[in-house]
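Lettering follows sequence order; numbering is per chain, from 1.
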Protein chains: 2
Amino acid sequence: MSKSELTVIDQTADACCSPMVREPLDETAAVDLARMFKALGDPVRLRLLSLIASFEGGEACVCDLTGPFDVSQPTISHHLKVLREAGLVDSERRGTWVYYWVLPPALAKLSSLLQAPAEAPSPLGDAR
Amino acid sequence: MSKSELTVIDQTADACCSPMVREPLDETAAVDLARMFKALGDPVRLRLLSLIASFEGGEACVCDLTGPFDVSQPTISHHLKVLREAGLVDSERRGTWVYYWVLPPALAKLSSLLQAPAEAPSPLGDAR
DNA sequence: CGTCTATGTTGACATCCGTCGATCCAGGAG
DNA sequence: CTCCTGGATCGACGGATGTCAACATAGACG
C-alpha cells in the first residue's frame, strides 16, 4: 500500500515530455488519465487534495479534514478513497489516526500533460 | 470571466499562479476548477481535446473529429459542448463547417495549479 | 475484558452523466 | 425555391456518482 521509502521519485520520467496538445492521446492512455482527472472533478475532492498538500509536513490526519466541510464523515472517507484509488494520494494508519499525503509524481504527470502549446494562433486573431 | 489574454505562458515558473498544494482552495474556486477538471474526466473528451490541439493550425473541423471515435455524432457534439462550456475550447462556424480550437490559457491555469510541491517530504522519514 | 474514539464499509436513494435515435437548423449547390 | 449535408438539439434510457444514516472495525485505555 504505502511505500515506506519513497526517496526521490523521478517526476520527469513519465511526466515531462508528453503534452496532450502535441500528439493525440491513444485510447488506453486517455482512459487512464481520465480516471485521474475525474477524481479532481469534484469540489470536495479538490479542496481535500489542496488541504492535505498544504498541511505542514505534507500530510494530514483525517480528523483534520472532516472539519472544514459540510459533508458527513463517511462522505469524506469516500472521497479520500477515490483520490487514493486514482493514485493521487496515499495513506497510512499510525496508531489511532490515519494520515494522508499527496503523491507529487501524479500531480506532475497531469500538470505536464496540460502544458499549453507555445501559442495557438487564434484563427480570428482572438477577436471572436 | 477569464481576463487572461497572455499569449506566451511561462511554463517553467512554478511560482506562476497558485499551486493548490501551497494553500487550501476556497470553496468557490474549487467549484469553478472542479468544473474544468470534470470536463477532462472523460476519455472521449480527453482525446477530443488532444486531437483538436494537435491538429495542424491548432484547430479542427467537427467532421475531422467524428471519425476516430466509436461514439455517434450527437455524442461528439455533446462532448464538444461540455468542453466549450468548461472554457477549454472555443468554436466558430465558418461556412459549412464548424471549427474548434483549444484555449491555451485554460490549460495553463490547470497545469500551474497542479504544480507539485518541491518534493515529497517523506511522511515516514522518521519513526514515531 | 469492556468501552470509547477515529475511520472505513454498507445499503439505499436521488441525481447526474454518457449514449443513442430522431429531429431540427444553417448554408451551399442546383 | 428545393434538396442535400454538416452539425446541434431533444427526449429517453441505463449506469455511474455523491450523499447520508447505520453499522462495522481497529487501536487506545482503563
Donor-acceptor under 3.5 Å (A:Thr75 side chain, A:Val71 main chain)
no
Mapping A:Gly41 and B:His78 to their closest nucleotides on DNA chain D, which lands nearer the 5' end?
B:His78
As a test of reading the structure: which of D:dA21, C:dA22, C:dT7 is closest to the side chain of B:Pro74, going by heavy atoms?
C:dA22
Per atom distances to the B:His79 side chain, the nearest of C:dG18, D:dG7, C:dT7 is C:dG18
Against the side chain of B:Asp42, the closest entry in C:dG18, D:dT19, C:dC20 is C:dG18
Determine yes or no for a side-chain-to-main-chain donor-acceptor pair under 3.5 angstrom, with B:Ser111 supplying the side chain and A:Ser112 the backbone.
no
Rounded to the nearest angstrom, tell me the gap between atom CZ in A:Arg94 and atom C1' in D:dA26.
16 Å
Backbone of B:Gly95 reached by a side-chain donor or acceptor of B:Arg93 within 3.5 Å
yes
Classify the side chain of A:Gln73 versus the base of C:dA6 as yes if they form a donor-acceptor pair under 3.5 Å and no if they do not.
no
State whether B:Tyr100 places a side-chain N or O below 4.0 Å from either non-bridging phosphate oxygen (OP1 or OP2) of D:dG6.
no
Is B:Tyr99 close enough to D:dG7 that one of its side-chain N or O atoms is under 4.0 Å from OP1 or OP2 there?
no
A:Tyr99 side chain reached by A:Arg94 side chain, heavy atoms, under 4.5 Å:
yes
Given atom CZ of B:Phe69 and atom C1' of C:dT19, what is their separation to the nearest angstrom?
15 Å
Round to a whole Å and report the spacing from CD1 of B:Ile76 to C1' of C:dC20.
13 Å
Specify the separation, in whole Å, of atom NZ of A:Lys81 and atom C1' of D:dT17.
14 Å
OP1 or OP2 of D:dT19 less than 4.0 angstrom from a side-chain nitrogen or oxygen of A:Ser72, does that happen here?
no
Grab the CZ-C1' distance between B:Arg93 and D:dT5 for me, whole Å please.
10 Å
C:dG18, OP1 or OP2 - any side-chain N/O from B:Arg45 closer than 4.0 Å?
yes
Taking C-beta and beyond as the side chain, do B:Phe69 and B:Leu51 meet within less than 4.5 Å on heavy atoms?
yes
For the pair made of CD in A:Glu92 and P in D:dG27, what is the distance, rounded to whole Å?
12 Å
Taken to the nearest whole Å, CG/B:Leu40 to P/C:dG18 is 12 Å
Would you say B:Thr96 reaches C:dG27's phosphate, i.e. side-chain N/O to OP1/OP2 under 4.0 Å?
no
Roughly how many Å is it from CG in A:Asp70 to P in D:dC20, rounded to a whole number?
9 Å
Please determine whether a side-chain nitrogen or oxygen atom of A:Ser77 lies at a distance below 4.0 Å from atom OP1 or OP2 of C:dG8.
yes
Could you tell me whether the phosphate oxygens of D:dA16, OP1 or OP2, come under 4.0 Å of any side-chain nitrogen or oxygen in A:Lys38?
no
